[in-house]
Amino acid sequence: MHPQYRDVPDLAYPVKGNDREALRKAIAPVRRFQMEHNARIFVGEFSVVAWAEGGAQYLRDAIGLFEEYGWDWTYHSYCNEQNQWFGWSLEHTRKRNDPYNRYVKDKNPDRKTAVLNGLKRNSLPTSAKP
């Protein structure tokens with residue numbers, strides 16, 4: 001595992017205290033700011049690592065809240081093919097404690113499906129496309 005991620009705790013999602021309502025509470029100050037100042041909010045970077053238990057549900061919940069609040073968002077999906085690091089990839093998976101750090105193409109990319117479904121909520125109707 002890369003040294004910068006060695007001390008990241010294993011957090012399952014969703015569990016009590018780490019669920020959709022916990023996310024809602026965590027972003028409540030931004031929501032208050034939005035409402036008080038009639039501000040547009042842009043979530044410029046969020047993600048979930050390939051080995052996160054419940055990662056797809058986290059993405060569905062986060063995107064669901066962003067959409068509920070009318071926030072703009074982009075998903076962070078950095079991968080480094082040269083170093084074979086696909087930790088943020090939506091198309092790869094890996095066991096967290098794999099001593100060889102092997103990433104494999106995921107045949108059922110539920111995290112990718114969660115993000116694509118979120119993006120579909122913002123696509124233009126076919127009649128509106130140029």
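These numbers come from the heavy atoms of this one structure, side chains and all, not from hydrogens, waters or symmetry mates. Each residue takes its place number in the sequence, starting with 1.
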| remark: Exactly one candidate in L116, V49, L90 meets side chain to side chain contact (heavy atoms under 4.5 Å, CB included) with R111; the answer is L90
| remark: Output for pair (Y75 OH, K112 NZ), nearest 0.5 Å, gives 11.5 Å
| task | Mind telling me whether W73 and F66 have parallel, tilted or perpendicular rings, with 30° and 60° as the class edges? | result | tilted
| said: I need the E21 CD to L23 CG distance, nearest 0.5 Å. | reply: 9.0 Å
| Any side-chain heavy-atom pair from W51 and T93 closer than 4.5 angstrom? | no
| Closest contact, heavy atoms only, Q57 versus P14 | CG-CD, 4.1 Å
| said: Would a single hydrophobic cluster contain both L119 and F42, if residues Ile, Leu, Val, Met, Phe, Trp and Tyr are joined by side-chain heavy-atom contacts under 4.5 Å? | reply: no
| field | Distance-minimising heavy-atom pair for G17 and A22 | value | O-CB, 3.5 Å
| task | Give the minimum heavy-atom separation between Y58 and S47, together with the two atoms involved. | result | CE2-O, 3.7 Å
| remark: The ring-ring contact (aromatic ring centres under 6.0 Å, His included) partners of F33 (sequence neighbours excluded) come to H37
| message | Enumerate the salt bridge (charged side-chain N to carboxylate O under 4.0 Å, His left out) contacts for residues 60-77, please, sequence neighbours excluded, ordered by first and then second residue. | response | R20-D61, R20-E68, R24-E68, R40-D72
| note | Residues at least two apart in sequence or cross-chain that pass salt bridge (charged side-chain N to carboxylate O under 4.0 Å, His left out) with K25, listed by chain then number, are none
| What heavy-atom pair brings W71 and V43 nearest, and what distance separates the two atoms? | CE3-CG2, 3.7 Å
| message | Keeping Q34 on the side-chain end and Y69 on the backbone end, is there a donor-acceptor pair under 3.5 Å? | response | yes
| query | Which pair of non-hydrogen atoms, one from A114 and one from L59, has the smallest distance, and what is that distance? | reply | CB-CB, 4.0 Å
| note | Between Y13 and D19, the two heavy atoms sitting closest are OH-C, 3.2 Å
